[in-house]
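The block underneath contains the structure these notes are about, expressed in structure tokens.
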Amino acid sequence: MLSINLPGAANAKPPFLPSTLLPTTSTFFSSRTLFPKPKPYSPTPITALLQWNRKPELSGETPRVVVVTSGKGGVGKTTTTANMGLSLARLGFSVVAIDADVGLRNLDLLLGLENRVNYTVVEVLNGDCRLDQALVRDKRWSNFELLCISKPRSKLHLGFGGKALTWLVDALKSRAEGSPDFILIDCPAGIDAGFITAITPANEAVLITTPDITSLRDADRVTGLLECDGIRDIKMIVNRVRTDMIKGEDMMSVLDVQEMLGLPLLGVIPDDTEVIRSTNRGYPLVLNKPPTLAGLAFEQAAWRLVEQDTMQAVVVEEEPKRGFFSFFGG
């Protein structure tokens, strides 16, 4: 073996390594280097994709009168009104929710306020009480109020219609304690006189639909009626979405629904069994701790409603599954 001895080679150091980086015996044989102590596991907390670091900026002229409608019954209009109304109140906006369903009101049940409704709009029109006496203030959020049109077994005033509801909304705008930021009108099912009455004072609409053909046909019909009434600001919420059925091609995707109706998308609410529990308890989803997926979706929809924003549905293509023969080019 050939060896070359240079003068001073024993004490020579590589020119590109400073003395502080030269390996030492303690470096090579340190147990901490060979077997470093594992760091304790700290799970990353799951947070919602909500911008809680700021308050949403209210767009448009106040009060904003929004009617929540669908045409088809049982798709989630009242559930959406209750959860979005309380979400807006939690964001710091004053809200008045009007249950415009005559004789079949349910909004007070979902909010847990059924035992506090002593007066309704019928008594206000008859002169039996003042408007502020018919408003039921929520104890959890004082900036949220409920107003019912009539009691379940009472007869509606013969003169009640679109003009009477418009007068009621104008009275809320000019009340002494100030105009609310939002007036949400829970529209009854169908397209009869109750529907026409509910949409008369509104200047924007939230259309609730589910990804099935019967609900979509009714939603398309209601969209045409809203546009004929002069309501151009129409956004939709797709309710009861199940990703497992969409992957199995047993349910239309949100993108398919949006392409069929041609409306801007305000929110997508996943199918959640907690909805039935919260309905029976009279405790809206958005107040649950920890929050559910449906509750978070309602809060995000309320945020977009404040800023008059929309969301975009996208298609996520999955990679094809690779089997055993894929390793051999099959």
Side-chain angles (χ1 to χ4, degrees), residues 47-70 76-100 107 110-111 135 137-138 140-147 169 172-173 175 177-187 198-199 201-209 226 231-239 241 254 258 263-270 278 284-289 291-313:
T47 57
L49 298 177
L50 296 177
Q51 305 175 19
W52 293 118
N53 57 338
R54 69 175 181 90
K55 180 181 177 180
E57 299 178 1
L58 182 59
S59 301
E61 299 180 357
T62 57
R64 289 173 53 186
V65 185
V66 184
V67 59
V68 182
T69 182
S70 68
K77 294 184 299 295
T78 305
T79 302
T80 302
T81 305
N83 285 278
M84 288 188 60
L86 279 177
S87 297
L88 294 172
R90 294 178 65 189
L91 291 173
F93 302 101
S94 57
V95 182
V96 174
I98 301 177
D99 192 343
L107 187 56
L110 269 67
L111 294 169
L135 289 168
R137 191 180 300 273
D138 192 276
R140 297 159 295 195
W141 297 92
S142 59
N143 52 344
F144 180 85
E145 295 173 302
L146 171 66
L147 181 61
V169 171
L172 291 172
K173 294 179 182 179
R175 60 179 182 170
E177 53 269 28
S179 172
D181 296 319
F182 286 91
I183 299 178
L184 302 181
I185 302 176
D186 185 18
C187 183
I199 69 174
N203 46 38
E204 54 185 301
V206 175
L207 186 67
I208 313 298
T209 185
L226 292 173
I231 302 176
R232 301 296 179 181
D233 189 357
I234 307 173
K235 299 180 180 65
M236 73 171 178
I237 291 180
V238 184
N239 194 17
V241 176
V254 179
Q258 192 173 13
L263 295 175
L265 187 61
L266 184 64
V268 177
I269 313 299
S278 66
L285 280 173
V286 294
L287 301 180
N288 283 4
K289 294 182 179 180
T292 62
L293 290 178
L296 291 174
F298 278 123
E299 290 183 348
Q300 291 176 344
W303 186 288
R304 298 186 190 100
L305 182 65
V306 172
E307 297 190 339
Q308 293 184 340
D309 195 6
T310 58
M311 64 178 294
Q312 180 66 38

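For this chain, numbers begin at 1 and follow the sequence in order. A quick note: this is a predicted structure, and the numbers were derived from the prediction, not measured.
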Where do Asp233 and Gln308 land on the side chain to side chain contact (heavy atoms under 4.5 Å, CB included) test, with the steps shown first? CA-CA 9 Å; Asp233 189 357; Gln308 293 184 340; 4.2 Å; yes
Decide yes or no on salt bridge (Lys or Arg N to Asp or Glu O under 4.0 Å) for Glu145 and Arg175, but give the supporting numbers first. CA-CA 14 Å; Glu145 295 173 302; Arg175 60 179 182 170; 3.0 Å; yes
Could you give me the CA-CA distance, side-chain angles and deciding distance for Ile98 and Asp186, then say whether side chain to side chain contact (heavy atoms under 4.5 Å, CB included) is met? CA-CA 6 Å; Ile98 301 177; Asp186 185 18; over 6 Å; no
Which is it for Trp141 and Val95 under the side chain to side chain contact (heavy atoms under 4.5 Å, CB included) test, yes or no, and what are the steps along the way? CA-CA 10 Å; Trp141 297 92; Val95 182; over 6 Å; no
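Between Leu172 and Leu135 there is a side-chain heavy-atom pair separated by less than 4.5 Å. In this structure, the side chains of Thr62 and Phe93 stay at 4.5 Å or more apart for every pair of heavy atoms. Looking at Leu305 and Arg64, their side chains come closer than 4.5 Å, going by heavy atoms from C-beta outward. The closest side-chain heavy-atom distance from Ile269 to Val238 is not below 4.5 Å. Annotation: side chain of Phe182 is in contact with side chain of Val306 (closest heavy-atom distance under 4.5 Å).
Nearest heavy atom pair, residue Pro284 against residue Arg140, reads CD-NH1, 3.9 Å. For the residue pair Pro201 and Val65, the shortest heavy atom distance occurs at O-CG1, 3.6 Å. Contact detail for Leu91 and Lys55: the closest heavy-atom pair is O-CE, 3.2 Å.
More than 12 non-hydrogen atoms from other residues, nucleotides or ligands lie less than 6.0 angstrom from CD of Glu177.
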